[in-house]
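What's counted below: heavy atoms across the whole structure, side chains too, no hydrogens, waters or symmetry copies. For this chain, numbers begin at 1 and follow the sequence in order.
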Amino acid sequence: MSARSADYREAIDHLPAGAILVLQDVPWEAYDQLLEHLSDHPAVRVTYDQGKVEIISPLRKHEKYKEFIGDLIKALADELDISIESSGSTTWKRKKDAKGIEPDICFHIANAERVIGKDELDLSVDPPPDLAIEIDLTNESFSKFSIYATFGVPEIWHYIDKRKTVVMYELRDNAYVEIEASRSFPVLTPQILASFIEQSHTDGQKKALGAFRRWLRSR
């Protein structure tokens with residue numbers, strides 16, 4: 001590990017939950033090395049954009065919402081008999097673009113069959129995830145959208161805790177536009193998703209997930 005990478009690691013080890021660390025002028029090789037040495041920090045999210053690195057240590061509340069939304073997507077796929085493949089918070093990166101990102105959670109849906117059985121995915125040959133999810137409690141995720149667009153991620157769900165709202169976006173002409181229902185799951189609107197996220201907070205995840213399945217079956 002280089003002295004500079006050791007300094008990064010030291011700063012990250014003392015990063016409080018919910019805080020963000022921004023590093024400037026970081027070479028691609030140092031970013032790659034940083035990812036390697038952060039393999040024992042699975043909760044930390046790292047974004048790289050042409051030399052700028054943002055490192056976030058999520059709060060427990062953030063992780064609860066992430067896991068619950070993931071459970072909702074799995075329930076959707078189960079009830080609607082749709083194939084999905086989760087890649088969790090996998091690092092997506094491409095050296096030629098000098099960009100890298102780790103979604104809060106992501107899924108292959110339309111391209112699920114193309115990634116089944118693959119433990120490692122490479123954006124130079126494999127499709128990007130069909131759906132990426134970003135959860136904002138204390139930090140804004142909009143700066144990440146240009147990276148998702150570069151990689152060709154078709155859909156983003158953005159949960160904004162301060163407003164208790166979900167915004168869904170679809171990639172069109174290399175930019176994200178707001179949509180009224182999910183591209184991947186047209187039955188689901190931002191308002192419906194936000195209501196079940198809020199129920200998970202007040203009633204608990206089990207009850208909210210059960211209510212969501214009943215809602216789906218009533219459609």
Side-chain angles (χ1 to χ4, degrees), residues 1-59 62-63 66 70 85-108 111-112 114-158 169 171 173-176:
M1 185 191 306
S2 69
R4 192 176 187 186
S5 294
D7 290 342
Y8 297 160
R9 179 66 178 270
E10 177 69 16
I12 293 163
D13 285 343
H14 295 89
L15 191 64
I20 180 170
L21 174 65
V22 179
L23 308 170
Q24 301 286 355
D25 302 320
V26 178
W28 180 266
E29 292 71 19
Y31 163 63
D32 246 353
Q33 191 176 49
L34 182 62
L35 290 177
E36 179 182 346
H37 289 287
L38 284 176
S39 58
D40 58 346
H41 287 65
V44 172
R45 304 282 186 274
V46 183
T47 301
Y48 184 86
D49 194 356
Q50 298 181 333
K52 179 182 178 181
V53 173
E54 292 187 1
I55 303 165
I56 297 175
S57 177
L59 294 163
H62 176 282
E63 297 300 278
K66 178 198 78 172
E85 288 289 310
S86 173
S87 289
S89 300
T90 294
T91 301
W92 301 92
K93 59 181 181 174
R94 196 156 58 199
K95 185 176 181 180
K96 74 180 182 69
D97 299 311
K99 294 179 185 291
I101 198 164
E102 295 172 351
D104 287 323
I105 191 169
C106 64
F107 292 86
H108 284 87
N111 287 305
R114 294 178 59 186
V115 301
I116 289 175
K118 293 187 175 184
D119 294 328
E120 300 293 334
L121 297 176
D122 181 349
L123 283 175
S124 65
V125 294
D126 296 308
D130 295 292
L131 172 63
I133 294 158
E134 290 290 335
I135 299 163
D136 273 337
L137 300 186
T138 58
N139 302 294
E140 291 293 338
S141 297
F142 291 113
S143 62
K144 300 180 181 180
F145 281 28
S146 64
I147 303 176
Y148 285 124
T150 297
F151 293 161
V153 175
E155 182 174 4
I156 297 173
W157 294 356
H158 186 199
Y169 296 93
L171 184 62
D173 299 324
N174 298 316
Y176 286 100

For the [atom1] atom of [X] and the [atom2] atom of [Y], what is their distance to the nearest 0.5 Å?
{"X": "Leu21", "Y": "Ile56", "atom1": "CG", "atom2": "CD1", "value": "10.0 Å"}
{"X": "Glu134", "Y": "Ile101", "atom1": "CD", "atom2": "CD1", "value": "5.5 Å"}
{"X": "Leu171", "Y": "Ile156", "atom1": "CG", "atom2": "CD1", "value": "8.0 Å"}
{"X": "Leu123", "Y": "Asp97", "atom1": "CG", "atom2": "CG", "value": "9.0 Å"}
{"X": "Lys99", "Y": "Ser146", "atom1": "NZ", "atom2": "OG", "value": "4.5 Å"}
{"X": "Gln50", "Y": "Trp28", "atom1": "CD", "atom2": "CH2", "value": "10.5 Å"}

task: Would you sort out whether Val46 and Thr91 count as a side chain to side chain contact (heavy atoms under 4.5 Å, CB included), showing the intermediate values?
output: CA-CA 8 Å; Val46 183; Thr91 301; over 6 Å; no
message: For Asp122, I'd like to know if atom CG has over 12 heavy atoms of other residues, nucleotides or ligands within 6.0 Å.
response: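 Atom CG in Asp122 is packed in, count exceeds 12.
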task: Take the angle between the ring planes of Phe145 and Tyr169 and call it parallel below 30°, perpendicular above 60°, tilted in between.
output: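 Perpendicular, since the angle between the ring planes exceeds 60°.
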message: The criterion is side chain to side chain donor-acceptor pair (under 3.5 Å); which residues satisfy it with Lys52, sequence neighbours excluded?
response: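 In terms of side chain to side chain donor-acceptor pair (under 3.5 Å), with neighbours along the sequence ignored, Lys52 is linked to Glu54.
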message: Taking side chain to side chain donor-acceptor pair (under 3.5 Å) as the definition, give me every residue that meets it alongside His62, ordered by chain and number, with sequence neighbours left out.
response: Asp104
- prompt: Can you tell which of Glu63, Lys66, His158 makes a side-chain contact (heavy atoms from CB on, under 4.5 Å) with Ile135?
  reply: Lys66
For [X] against [Y], the heavy-atom pair lying closest together:
{"X": "Phe107", "Y": "Ile133", "result": "CE1-CD1, 4.5 Å"}
{"X": "Ser87", "Y": "His108", "result": "OG-ND1, 4.0 Å"}
{"X": "Phe151", "Y": "Lys93", "result": "CZ-CA, 3.9 Å"}
{"X": "Ala132", "Y": "Cys106", "result": "CA-CB, 4.2 Å"}
{"X": "Ala149", "Y": "Asn174", "result": "CB-O, 3.8 Å"}
{"X": "Tyr48", "Y": "Val26", "result": "OH-O, 2.6 Å"}

task: May I ask you to check whether Trp92 and Tyr148 place their ring centers less than 6.0 Å from one another?
output: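 No - the distance between ring centres of Trp92 and Tyr148 does not fall below the 6.0 Å cut-off.
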query: With side chains defined as the heavy atoms from C-beta onward, is the minimum distance between Asn111 and Val115 less than 4.5 Å?
result: no
query: Quick one: are Thr90 and Leu121 in side-chain contact, heavy atoms under 4.5 Å?
result: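 No; the side chains remain at least 4.5 Å from each other.
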- request: Could you tell me whether Glu29 and Lys95 make a salt bridge, using a distance below 4.0 angstrom between a side-chain N and a carboxylate O?
  value: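 Yes, this pair counts.
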